[in-house]
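Notes follow once the structure below has been shown.
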Amino acid sequence: MRIATWNVNSLRSRIDRVEAFLDRHDIDVLAVQETKAREDQLPLMGLQARGYEIAAAGVDQWNGVAIISRVGIEDVAVGFPGMPGWGEPLAAEARAVGATCGGVRLWSLYIPNGRKPDDPHYVYKLDWMDRLRDAAQAWLGEQTALVGDWNVCPTDEDVFAPEQFKNSTHVTPAERAAFQRFLDDGYADVVRPYCPGPGVYTYWDYYRQRFERNRGLRIDFVLGSPSFADRVTGAFIDRDERDPAQGTGSPSDHAPVVVDLD
DNA sequence: ATGGTAGGGTTCCTA
């Protein structure tokens with residue numbers, strides 16, 4: 001089974017690239033973030049024609065997430081118990097959707113950006129991560145994958161210019177500690193062993209030709225529970241999908257991350 | 001300290 005995660009920065013404007021990506025790499029399950037579409041706006045026709053089903057966090061928000069699967073989608077959950085806003089009508093901005101696909105419990109996540117370290121959104125980000133951690137501890141015994149845009153660079157090696165990010169979100173000790181706690185609990189970054197750094201990123205800002213100069217960040221991760229990690233046989237970051245010179249239409253600012261399971 | 005690009009929730013806001 002082959003799974004992937006990709007912050008597409010609008011599913012509607014990226015649908016041609018998404019469909020081409022699914023075809024090219026023979027993807028079974030794709031978790032997407034920043035769908036920027038209501039449920040009634042999702043571009044389903046091409047996906048359904050390819051045999052995929054979709055589970056989306058059904059609110060009107062730019063941070064929306066979804067899971068696209070051709071190996072079944074069961075037990076869909078919008079948000080997780082304890083998530084800030086969980087159970088409320090808008091489900092806390094729909095930053096998390098979980099489903100069981102082909103025996104794997106997959107969570108498509110958009111961790112709050114944080115905006116600025118002195119912004120209330122930064123406090124919300126740290127709280128959100130801790131609440132996710134609380135819930136995720138209960139899933140360690142299952143085949144669980146926490147995938148998506150974490151908006152955290154775990155080490156200086158994951159930032160093209162650490163000195164430029166000194167007073168920015170994504171690299172603060174508190175964010176790194178919040179990320180590290182998932183690893184301490186037993187979740188593993190299953191991609192890094194196959195994509196060693198430095199200079200390996202998943203996101204490049206649109207401006208200043210950051211991609212062309214490989215000035216990026218590594219912020220998209222697949223964290224696997226032990227029984228999930230045991231099944232991983234390979235992984236890669238599809239940099240070509242971030243290349244404006246390749247494919248149809250403009251690219252997302254993130255590249256997809258692909259993981260193979262036995 | 002600022003600005004640069006992309007997408008939508010648009011003539012501004014978020015990333």
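Just so we're clear, the structure is a prediction, and the values are computed from it rather than from any experiment. Numbered from 1 within each chain, the chains take letters A, B, ... in sequence-line order.
Residues A:Arg105 and A:Asp75 are not paired through a salt bridge, judged by the lack of any N-O separation under 4.0 Å between the basic side chain and the carboxylate.
Computed from coordinates, the A:Asp253 CG to B:dT14 P distance equals 17 Å when rounded to whole Å. Distance, A:Asn113 CG to B:dA6 P: 19 Å, rounded to whole Å. Computed from coordinates, the A:Lys125 NZ to B:dT14 P distance equals 16 Å when rounded to whole Å. Rounded to whole Å, atom P of B:dA6 lies 14 Å from atom NE2 of A:His254. The distance between atom CG of A:Asp243 and atom C1' of B:dT5, rounded to the nearest whole Å, is 16 Å. Between A:Asn151 atom CG and B:dT14 atom C1' there is a gap of 12 Å when expressed in whole angstrom units. Taking atom OH of A:Tyr206 as the reference point, atom C1' of B:dG7 lies 8 Å away to the nearest angstrom. Taking atom CD of A:Gln33 as the reference point, atom C1' of B:dG7 lies 16 Å away to the nearest angstrom.
Applying the side chain to side chain donor-acceptor pair (under 3.5 Å) test to A:Asp118 and every residue at least two apart in sequence or in another chain returns nothing. Qualifying side chain to side chain donor-acceptor pair (under 3.5 Å) partners for A:Arg131, counting only residues two or more places apart in sequence or in other chains: A:Asp127, A:Asp134. Partners of A:Tyr207 by ring pair (Phe, Tyr, Trp, His ring centres under 6.0 Å), not counting sequence neighbours: none found. For the ring pair (Phe, Tyr, Trp, His ring centres under 6.0 Å) test, no residue two or more places apart in sequence or in another chain qualifies with A:Tyr52. With sequence neighbours left out, the side chain to side chain donor-acceptor pair (under 3.5 Å) criterion links A:Arg218 to A:Asp158, A:Asp189. In this structure A:Tyr187 satisfies the ring pair (Phe, Tyr, Trp, His ring centres under 6.0 Å) test with no other residue, sequence neighbours excluded. Every residue two or more places apart in sequence or in another chain that forms a side chain to side chain donor-acceptor pair (under 3.5 Å) with A:Thr172 is listed here: A:Tyr122, A:Glu175. Listed by chain and residue number, nothing satisfies the ring pair (Phe, Tyr, Trp, His ring centres under 6.0 Å) test with A:Tyr206 (two or more places apart in sequence, or in another chain).
Stems are defined here as 3 or more consecutive Watson-Crick or G-U wobble pairs with pairing distances under 3.5 Å; those involving DNA chain B are B:5-7 with B:13-15.
Across B:dA15 and B:dG8, the matching C1' atoms stand 11 Å from one another, rounded to whole Å. With both ends at atom P, the span from B:dT14 to B:dT10 equals 13 Å, rounded to whole Å. Comparing the C1' positions of B:dT2 and B:dG9 gives an interatomic distance of 26 Å, to the nearest angstrom. B:dT11 sits 31 Å from B:dA1 when the P atoms are compared, rounded to a whole Å.
No engagement by A:Gln209 is indicated, since no non-hydrogen atom pair under 4.0 Å with the nucleic acid exists.
Taking every heavy atom of residues 5-20 of chain A and every atom of DNA chain B, pairs under 4.0 Å involve A:Asn9, A:Ser10, A:Arg12, A:Ser13, A:Arg14, by number. Using a 4.0 Å cut-off on heavy atoms, none of the residues of residues 155-177 of chain A approach DNA chain B.
Between A:Ser250 and A:Arg208, the residue anchored nearer the 5' end of DNA chain B, judged by the nucleotide with its closest heavy atom, is A:Arg208. Nucleotides of DNA chain B nearest to A:Arg210 and A:His121 differ in position, and the one nearer the 5' end is that of A:Arg210.
Side chains of A:Gln33 and A:Ser108: a donor-acceptor N/O pair is present below 3.5 angstrom, by distance only. Checking A:Lys125 against A:Asn113 by side-chain atom types alone, no donor-acceptor pair falls below 3.5 Å.
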Identify every side-chain donor-acceptor pair in residues 160-171 of chain A under 3.5 Å, counting partners at least two apart or on other chains, and give the distances.
| residue | atom | partner | partner atom | Å |
| --- | --- | --- | --- | --- |
| A:His170 | NE2 | A:Asn151 | OD1 | 2.9 |

